[in-house]
J.: 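Below is a structure I'd like to ask you about.
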Protein chains: 2
Amino acid sequence: MIRILLAEDQAMMRGALAVLLGLEDDLEVVAQVGTGTEIVPTALEVRPDVALLDIELPGISGLEAARELTELVPECRVMILTTLSRPGYVREAMAAGAVGFLVKDGPVEELADAIRRVLRGETVLDPDLAAATLRAVANPLTARERDVLAASEDGSSIADIAGRLFLSPSTVRNYLSAAIGKTGTRNKTEAALTARRNGWLA
Amino acid sequence: MIRILLAEDQAMMRGALAVLLGLEDDLEVVAQVGTGTEIVPTALEVRPDVALLDIELPGISGLEAARELTELVPECRVMILTTLSRPGYVREAMAAGAVGFLVKDGPVEELADAIRRVLRGETVLDPDLAAATLRAVANPLTARERDVLAASEDGSSIADIAGRLFLSPSTVRNYLSAAIGKTGTRNKTEAALTARRNGWLA
DNA sequence: ATCCACCACTGACAATTGTCACGGTCGGCT
DNA sequence: AGCCGACCGTGACAATTGTCAGTGGTGGAT
């Protein structure tokens, strides 16, 4: 019996997946959580064979949880199941020790099978996705550039960002200018948007 | 037997829901579509009792499809099943003739039951959601203000927007200024963000 | 007939933003 | 020690953006 931990914030999706996986003879969902914060404590308690994690979760992200899991519960295989496949995500997931990466666009049928395959030691990764990841450029932004971009995502003015990050407005403008250059965009809004889309933030 | 049409863009969610609903004795998913464009033609063909529609779909939105459905397939009850409950969405869904509005945050168990209830003639709407909708201000934006806001969502410059909408840059700036005032924000990025969050766009 | 809201535009002004050139600190690397 | 990159800052300038006061045109309501 393969014991599964399921982390997904949308209750309906989580419930539906749990029922679905429960229908398989050899699979058993032993724990369901709706936030990133619960993942590691729950895994330590129930010791699942596989953790199926969404990335966007309240609390800590599925990627962070994956990093902690591979360290604290090494016998547990980590699979990422997410809506969007930003190039940076796949890279980070693999770096975090995940052995599977599925997108919610795929057919349900492949899910149970993917779980069985990672348990046999295989790595599950869509070939197209892998190719796209390799093709995509690695994150060109420095830590500070990421900070100011993330802070500008809500449309804040430069003065706001400066205040929030305890920097001088001029400094913020310089980082933004650099980020705009590196992203090949024309203003901070576009820069933040494409950085987010490429998975270069958070 | 209650015949259901399911419209949802995420294949895995769609598949999981179909399996789940299929487990119920009195429910039957007779059609599944992944785009908004397919909804009406498919409904005309299979004549379902209930259409379960997501809002964000490729092609036309679930809300538009709802409007057409209530006109072209009047015997079909329309239910909206969506991720986020922007205040404007509920209002629009009801105006479009929907008799149910569910969020994907809720438990799966309530889904099948909600379908049975709308078929008995009831309206399914979370009381909290209804209250929030009534509390929320109605869309204060004019059609043109919505246009320029929508066009500015990707971080385009005013000149870009003007070109795309065949307006003079000064005109665009005036609409944006008005929208900024009405949304109580401080620049076009914030204005577009809050308008989107309130369901005032598209 | 008059009012009103929305539409489209202009021009002027101030504020914000983006670019550039510059100086300096710090830690890691060779 | 010297070099490099990331970091933090300043000041100046041009471009973009936001505000305001106007000019008209249209169509629906009273």
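The chains referred to below are lettered A, B, ... by the order of the sequence lines, with proteins before strands, and numbering in each begins at 1.
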J.: Within the modelled atom types, does a donor on one side and an acceptor on the other bring the side chain of Asn174(A) and the base of dG9(D) under 3.5 Å apart?
T.: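 Indeed, a donor on one side and an acceptor on the other fall under 3.5 Å apart.
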J.: Would you mind telling me which of dG18(D), dT17(C), dA6(D) lies closest to the side-chain atoms of Thr142(A)?
T.: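 Taking heavy atoms from C-beta onward, the closest nucleotide is dA6(D).
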J.: Return whichever of Ala178(A) or Lys182(B) has its heavy-atom-nearest nucleotide of DNA chain C closer to the 5' end.
T.: Lys182(B)
J.: Using every non-hydrogen atom in the two residues, find where Arg164(A) and Ala151(A) come nearest and quote the distance to one decimal.
T.: NH1-O, 3.5 Å
J.: Indicate yes or no: does Asp9(A) engage Arg14(A) in a salt bridge with an N to O separation below 4.0 Å.
T.: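 Result for this pair is no, no salt bridge flagged.
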J.: Let me know, please, whether Ser168(B) or Ser156(A) comes out on the 5' side of the other along DNA chain C by nearest nucleotide.
T.: Ser168(B)
J.: From the options Lys188(B), Arg196(B), Arg197(B), select the one residue that forms a salt bridge (charged side-chain N to carboxylate O under 4.0 Å, His left out) with Glu153(B).
T.: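 Option passing the salt bridge (charged side-chain N to carboxylate O under 4.0 Å, His left out) with Glu153(B): Arg196(B).
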J.: Arg146(B) CZ to dC7(C) C1': how many Å, rounded?
T.: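 In whole Å, dC7(C) C1' and Arg146(B) CZ are 14 Å from each other.
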J.: Mind checking if Arg173(B) touches a base, just sugar-phosphate, or nothing, with heavy atoms under 4.0 Å?
T.: base
J.: Could you tell me the separation between the CD atom of Glu190(B) and the P atom of dT17(C), rounded to a whole number of Å?
T.: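 It works out to 10 Å between those atoms.
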J.: Rounded to the nearest Å, what distance is computed from the CG atom of residue Asn187(B) to the P atom of nucleotide dG18(D)?
T.: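 Taking CG of Asn187(B) and P of dG18(D), I get 6 Å after rounding.
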J.: Nearest-Å distance, CG (Leu167(A)) to P (dT10(D))?
T.: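 Interatomic distance, CG of Leu167(A) to P of dT10(D): 11 Å.
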J.: Tell me the interatomic distance from Ile158(A), atom CD1, to dG18(D), atom P, rounded to whole angstroms.
T.: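 Atom-to-atom, Ile158(A) to dG18(D), this comes out as 13 Å.
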J.: Taking CZ from Phe166(B) and P from dC7(C), how many angstroms apart are they, rounded to a whole number?
T.: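 For the pair Phe166(B) CZ and dC7(C) P, the rounded distance is 18 Å.
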J.: Looking only at side-chain atoms of Ser170(B), point me to the closest of dG18(D), dT10(C), dC7(C).
T.: dT10(C)
J.: What is the minimum heavy-atom distance between Ala93(B) and Ile80(B), and which atoms define it?
T.: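 Scanning both residues completely, I find the closest heavy atoms to be CB-CG1, 3.9 Å.
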J.: I want to check one thing: is the phosphate of dT17(D), taken as OP1 and OP2, less than 4.0 Å away from some side-chain N or O of Lys188(B)?
T.: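 It does, given that an N or O in the side chain of Lys188(B) lies less than 4.0 Å from OP1 or OP2 of dT17(D).
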J.: Choosing from dT10(C), dT10(D), dC7(C), which nucleotide comes nearest the side chain of Thr171(B)?
T.: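 Taking heavy atoms from C-beta onward, the closest nucleotide is dT10(C).
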J.: Distance check: side-chain N/O of Arg144(A) vs OP1/OP2 of dC8(D), anything under 4.0 Å?
T.: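 For dC8(D), OP1/OP2 do have a side-chain N/O of Arg144(A) under 4.0 Å.
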J.: Do the non-hydrogen side-chain atoms of Thr82(B) and Lys104(B) ever get within less than 4.5 Å of each other?
T.: no
J.: Nearest-Å distance, CG (Leu176(A)) to P (dC20(C))?
T.: 15 Å
J.: Side chain of Ser157(B) only, heavy atoms from C-beta on: which candidate in dT17(C), dC9(C), dT17(D) is closest?
T.: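 Minimum distance to the Ser157(B) side chain belongs to dT17(D).
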J.: Atom CD1 of Ile161(A) to atom C1' of dC8(D): distance rounded to whole Å?
T.: 16 Å
